[in-house]
*Asks:* 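Just passing along the structure, written as structure tokens.
Numbering of ligands and ligand atoms starts at 1, following listing order.
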Amino acid sequence: MNDSGHTSLPVALAPAETAAPAAVEHDYSLTAVPGWWWQPQDVKHLIELYAARPIFDDTAEWLIRDNPYRRPIDRQSIKDFDFSQPLNKSAALGASALAAHRMLLNIYETDLIFLPDKNFEAKRKDFASYYSNDNKLLGEVIRPTLEAHVFDFLKDEINVTGKWSLEAVKSYLQSLIAKHEQSELELCTAILSSADPQRACRALMVQLACDFLTEASASTRNILGKYGDIQSEFFKIVIDDYGYGVHPAKHSTLYENTLATCGLISEAHAYWQFYLSSSLALSNYYHYVSRDHSKYFQAIGAIAVAESMFSHTCHKISQMLHAVFGKTVDTYYFDEHFHIDAHHGRMAFEHVVAPAIERHGNAVIPDIVRGMEELQVLTSLADEDFIAQVSFCDEAEDLKAAGRRIHAQILEGSVEKPATTHVANRSQSLVTRVYDQDQLYVVESGELDLVLGPDQTVRLGRGEAMIVKRERLHGTAVVSDESLYSVYEMGNER
Ligand SMILES: [Fe+2]
Ligand SMILES: [Fe+2]
């Protein structure tokens with residue numbers, strides 16, 4: 001870190017100038033209008049109403065084929081969550097964060113156009129419902145509460161202090177890039193050392209699909225309006241991502257090819273049920289700062305960092321893909337970004353960030369640096385979450401053995417844990433979840449599948465058990481006519 005600008009210490013920024021003498025101050029915010037704005041209990045009700053919209057219901061299948069409007073939120077669990085308070089970082093991968101991020105992506109993406117590949121007529125009702133004013137207005141009312149719930153922790157995590165200059169921002173960014181370019185990328189190391197590298201690699205491709213299949217859509221929000229030549233420079237980055245109007249060259253099309261050669265589906269959000277909340281958080285963050293244009297300077301900071309770092313990330317992922325799948329995998333998406341994002345990183349800094357500082361003054365720097373820092377916090381959370389999910393999937397057999405041992409202790413009375421009992425049948429609807437505490441699943445009768453990923457299922461027969469660790473995404477599906485199973489709350493120690 002250079003000595004002229006600092007991030008991270010919780011010291012307030014000194015005001016640049018003394019404020020002008022105050023005239024009579026009026027509060028023009030809607031929250032100041034008596035009886036007009038929603039109280040927290042009203043917002044809770046509106047969130048439940050939003051989650052109860054039929055398009056957001058649990059689904060009949062784990063994969064959602066060619067219907068981009070079906071986006072389960074887990075209506076059942078939502079009633080138990082308190083969205084009125086910001087989460088702190090330690091809860092950023094928890095159950096309410098997952099639900100909030102699912103809702104936020106649904107809300108943001110009503111600005112994007114999604115159409116199914118085939119049979120539109122059969123999906124017309126869902127299309128109309130997703131883009132209806134009811135859906136959009138309800139989403140808008142609950143959006144600020146959900147955003148505060150999942151993003152406000154970043155305000156505590158990062159404080160940008162001190163005296164910054166353009167030169168200081170430049171050397172700060174260069175040092176970030178230099179450090180990143182020396183890293184091996186923990187994600188790739190985790191995949192290569194996984195018990196099943198192909199499964200782990202496909203899991204990463206699924207997480208990336210959340211953003212890459214609509215690549216740069218959030219960013220297009222920043223090229224609307226009128227703000228001088230910086231706007232046109234920004235536009236160049238976006239049109240590169242859009243392949244200059246040549247569909248086979250559009251970056252999202254390149255990613256579809258990668259998915260296909262990994263044996264994955266490339267329809268938008270087919271793997272919705274398997275997105276980790278940290279992957280949703282990354283997609284949502286670009287919308288969060290690009291949709292609310294008071295966050296414009298955060299947005300350009302975040303994009304400058306993302307573009308600058310993506311080149312090395314793509315280089316490493318491309319090598320990893322070849323190591324895992326050999327020659328058959330199409331890595332062109334990553335190879336193209338290795339090349340173009342080194343260029344985009346420079347463009348974003350030299351033609352967007354630097355002229356923005358020159359034109360609008362050093363007072364915009366703290367927001368720009370905040371965007372750079374926030375994106376890095378969310379990226380490292382996403383890495384941590386993904387790596388934890390890979391180890392969880394690798395450890396399934398050990399977690400069954402641990403479950404068996406603990407269940408035996410419960411039966412003999414040496415361990416006591418609160419439990420809930422469920423009876424379900426094969427026709428149950430499906431939704432993936434995370435819990436804030438470790439859970440012990442025990443099947444009393446019938447057969448239950450614990451679904452850990454799109455291609456990994458652990459089947460539990462009568463008397464079998466398994467631990468599911470806190471914050472690990474999984475679903476349950478009864479595969480016998482009926483099953484009775486218990487779920488014990490284990491807390492966080494084992
Ligand atoms: Fe791109
Ligand atoms: Fe790019």
*Asks:* From D241, does some N, O or S atom reach closer than 2.8 Å to the Fe ion (ligand 2)?
*Replies:*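 Short answer: no, not a single N, O or S atom is under the cut-off.
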*Asks:* I want to check a possible cation-pi pair here: K295 against Y288, using under 6.0 Å from ring centre and within 45° of the ring axis as the test.
*Replies:*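 Yes, cation above the ring, under 6.0 Å and within 45°.
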*Asks:* Determine which of the N, O or S atoms in E307 is closest to the Fe ion (ligand 2) and give its atom name.
*Replies:*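 Relative to the Fe ion (ligand 2), the closest nitrogen, oxygen or sulfur of E307 carries the name OE1.
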*Asks:* Write the atom name of the N, O or S atom in H251 that is nearest the Fe ion (ligand 1).
*Replies:*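 Looking only at N, O and S atoms of H251, the one nearest the Fe ion (ligand 1) is named ND1.
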*Asks:* Please confirm if an N, O or S atom belonging to H344, backbone or side chain, lies less than 2.8 Å from the Fe ion (ligand 2).
*Replies:*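 Looking at H344, which is the residue asked about, there is an N, O or S atom under 2.8 Å from the Fe ion (ligand 2).
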*Asks:* Taking 2.8 Å as the cut-off, does an N/O/S atom of D240 lie below it from the Fe ion (ligand 2)?
*Replies:*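 Within the cut-off used here (under 2.8 Å), D240 places no N, O or S atom near the Fe ion (ligand 2).
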*Asks:* Could you walk me through whether Y255 and E215 pass side chain to side chain donor-acceptor pair (under 3.5 Å), step by step?
*Replies:* CA-CA 9 Å; Y255 195 63; E215 197 194 281; over 6 Å; no
*Asks:* Restricting to N, O or S atoms, which atom of E215 is closest to the Fe ion (ligand 1)?
*Replies:*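 Checking each N, O and S atom of E215, the shortest distance to the Fe ion (ligand 1) belongs to OE2.
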*Asks:* Is the Lys NZ or Arg CZ of R71 less than 6.0 Å from the centre of F114's six-membered ring, within 45° of the axis?
*Replies:*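 Yes, R71 lies over the aromatic ring of F114.
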*Asks:* Just by modelled atom types, is the V451 backbone N or O under 3.5 Å from a matching donor or acceptor in the D449 side chain?
*Replies:*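 Looks like no, no N/O pair under 3.5 Å.
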*Asks:* Measure from the side-chain N and O atoms of D66 to the backbone N and O of K118, and report whether any donor-acceptor pair falls under 3.5 Å.
*Replies:*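 Side chain of D66 to backbone of K118, a donor-acceptor pair under 3.5 Å: yes, one is there.
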*Asks:* Name whichever N, O or S atom of D341 ends up nearest to the Fe ion (ligand 2).
*Replies:*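 Among the N, O or S atoms of D341, the one closest to the Fe ion (ligand 2) is OD1.
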*Asks:* Just how far is it from atom CD1 of I47 to atom CZ of F83, taken to the nearest 0.5 Å?
*Replies:*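 It is 5.5 Å, given to the nearest 0.5 Å.
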